[in-house]
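Values below: all heavy atoms of this structure, side chains included; hydrogens, waters and symmetry mates excluded. Chain letters run A, B, ... following the sequence lines, proteins first and then strands; every chain starts at 1.
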2 protein chains.
Amino acid sequence: MSLATLRSPRKRKGHGAERRQEILDAAMVLIAQQGVHAVSTREIAAAVGISQPALYAYFATRDDIMAELCEQAFESLRTRLENVGDLEPGESTVRLMCRAYLAFGLEQPNAYRIAFMIEKPSHDPDHDPAGDRALAAGVATYSVFRRQIERCALAGLTRHVDVDLLTQTGWATLHGLVALMIARPSFPWAERDRLMAAHIDHFVRAIMASPSGSAGK
Amino acid sequence: MSLATLRSPRKRKGHGAERRQEILDAAMVLIAQQGVHAVSTREIAAAVGISQPALYAYFATRDDIMAELCEQAFESLRTRLENVGDLEPGESTVRLMCRAYLAFGLEQPNAYRIAFMIEKPSHDPDHDPAGDRALAAGVATYSVFRRQIERCALAGLTRHVDVDLLTQTGWATLHGLVALMIARPSFPWAERDRLMAAHIDHFVRAIMASPSGSAGK
DNA sequence: ACTGATAGGTTATCAGTGATAAATGATGAT
DNA sequence: ATCATCATTTATCACTGATAACCTATCAGT
């Protein structure tokens, strides 16, 4: 009818959840290109081909988009950890899981940032559905990690048997290296591969009862 | 909150570096109260009693204020690590240093955030004086940490003798726990004291040659 | 075929942000 | 007393996330 409305390259009508995922995908691509803080709602909307307020039909706030991406990042890491498989519990499996974790963080720093390093300003004690779902995804990922440790603990391979304590300090150990290397790339780090290998050695040495870790170089 | 009401009566001319530090102090207080992201340049200016553009006579950008606070946070941590003292090198000294690190991070989360968890959007290859000074302060703090590890290494108390590798993975280990607990407080963490103690045990176990770490709970 | 409801979208606008330019005002030297 | 200087202010810019109000297809029901 009115040709004047064709000025902008308006796209077809999205079918509900499709467009929702379109938005998430566009946001992730932009974030991967420009970093988390540099992407605005207007850029995301333009990438999808809709106006900026249209986003708010699918997400209550910008942070909700981030929370959803956080959830997806957690699930990405979770499948990666699950792909380590249910080999027999032992040091080599633990090493594989550590490698998978570090690889995820260093290969997809933006996903890692969103999952672990973006602080949510929401301190509302009110319901925060998006944040809750992200937290649940984080706990689910944690559970995969924990399961491997637990199997080692049940086999008597760990230094002690408080599985949550082992898992949390172990996870924190891995997170520390990834987070610091992402947040402070200017620091004069040692060579990456040696650093990763040493860190995994330290992990195994800290957690396992009788590690076969290389003691020297 | 109306910013105008927070504004103290206009002050007299500032005396160079005095006012500069006034700004930094006000910024740090506000950040400690409201968090890093929630503090605007207008709030900082109002707290000092000047107009918002007046800040730019002392700092080129808001990020420069943050970089300066980052530098001060690093120095605060450095003195804390130095206060561990130059006792004889050994496991107990290392434990003290770990405790000092974790205590700093958990007691002053905002200073810790500024020092380690705020990513600078400046990717300019151009000169970035403020960022450079912050990095230098970080390296200086790293050196204090490194010195203790080095003394242990020279005494033959560490698992191997690549001091930078030991220090960097060790530092990352400590950072991981602090950063995760700060960034994800909603996670169902184990009890804090036990977690800290276990983490320090893991650190010692990973770094030292013959740790006396408690093996059970 | 008309009606109304509704999903999906738009334009216009708001308050707040970091930052800049130009006008103001006090200070200190001459 | 005059003038230059510099700290500081007012006014403003472009941009941000978010809201209000208004269009416009599409579709179900009579």
Side-chain angles (χ1 to χ4, degrees), chain A residues 1-23 26-27 30-31 34-69 118 120-122 124 128 130, chain B residues 1-23 26-27 30-31 34-69 118 120-122 124 128 130:
Chain A
M1 281 280 185
S2 59
L3 299 178
T5 60
L6 291 178
R7 267 184 313 155
S8 62
R10 177 174 167 183
K11 292 194 176 180
R12 73 177 197 285
K13 274 196 174 179
H15 291 65
E18 279 184 31
R19 175 135 294 175
R20 187 184 166 86
Q21 191 59 44
E22 268 187 82
I23 294 171
L30 288 172
I31 285 174
Q34 316 179 19
V36 182
H37 308 287
V39 178
S40 68
T41 53
R42 282 170 178 80
E43 281 179 279
I44 298 172
V48 180
I50 59 179
S51 69
Q52 178 250 358
L55 294 178
Y56 292 83
Y58 301 92
F59 301 92
T61 71
R62 189 199 122 112
D63 286 333
D64 275 18
I65 300 180
M66 296 306 170
E68 192 102 0
L69 289 177
I118 303 291
K120 311 157 195 172
S122 81
D124 307 2
D128 173 13
Chain B
M1 65 199 77
S2 66
L3 299 181
T5 58
L6 293 177
R7 183 158 173 182
S8 53
R10 175 179 164 184
K11 295 191 176 181
R12 278 287 169 192
K13 182 181 176 182
H15 293 67
E18 281 184 28
R19 173 139 297 177
R20 189 182 164 85
Q21 190 58 43
E22 265 186 85
I23 294 171
L30 287 172
I31 286 173
Q34 315 179 19
V36 182
H37 307 288
V39 178
S40 69
T41 54
R42 282 169 178 81
E43 281 179 280
I44 298 172
V48 179
I50 60 180
S51 70
Q52 178 249 359
L55 294 178
Y56 292 83
Y58 300 94
F59 301 92
T61 71
R62 189 199 121 111
D63 286 334
D64 275 18
I65 301 181
M66 295 306 171
E68 192 102 0
L69 288 178
I118 304 291
K120 311 157 195 173
S122 81
D124 308 1
D128 173 12

Item to check | Atom pair CG/CG of D64(A) and L55(A) - distance to nearest 0.5 Å | outcome: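 CG of L55(A) is found 12.0 Å from CG of D64(A).
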Item to check | Nearest-0.5 Å distance that lies between atom CD in E68(A) and atom CD in Q21(A) | outcome: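 E68(A) CD to Q21(A) CD: 7.5 Å, rounded to 0.5 Å.
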Using whole Å, what does the distance between atom [atom2] of nucleotide [N] and atom [atom1] of [X] come to?
X      : N       : atom1 : atom2 : answer
I65(B) : dG18(C) : CD1   : P     : 9 Å
L55(B) : dG18(C) : CG    : C1'   : 10 Å
I44(A) : dA18(D) : CD1   : C1'   : 14 Å
Y56(B) : dA22(C) : OH    : C1'   : 17 Å
E22(B) : dT8(D)  : CD    : P     : 10 Å
I50(A) : dA7(C)  : CD1   : C1'   : 14 Å
D64(A) : dT19(D) : CG    : P     : 11 Å

Checklist entry - Taking only N and O in the side chain of Y58(B), is any of them less than 4.0 Å away from OP1 or OP2 of dT8(D)? => result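 Yes, within the criterion.
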Checklist entry - Does A27(B) have any side-chain contact (heavy atoms from CB on, under 4.5 Å) partners at least two apart in sequence or in another chain, and if so, which? => result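 A27(B): side-chain contact (heavy atoms from CB on, under 4.5 Å) contacts with I44(B), I65(B), L69(B).
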What pairs of nitrogen or oxygen atoms, one from the protein and one from nucleotides 11-16 of chain D, lie under 3.5 Å apart?
residue: dT16(D); atom: OP1; partner: S40(A); partner atom: OG; Å: 3.4

Checklist entry - If you look at every strand shown and take non-hydrogen atoms under 4.0 Å, does A57(A) touch a base, only sugar-phosphate, or nothing? => result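 Nothing, no nucleic acid heavy atom in range.
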Next on the checklist: Strictly by Watson-Crick or wobble contacts shorter than 3.5 Å, is anything paired with dT30(D), and which nucleotide is it?
Outcome noted: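 Paired with dA1(C).
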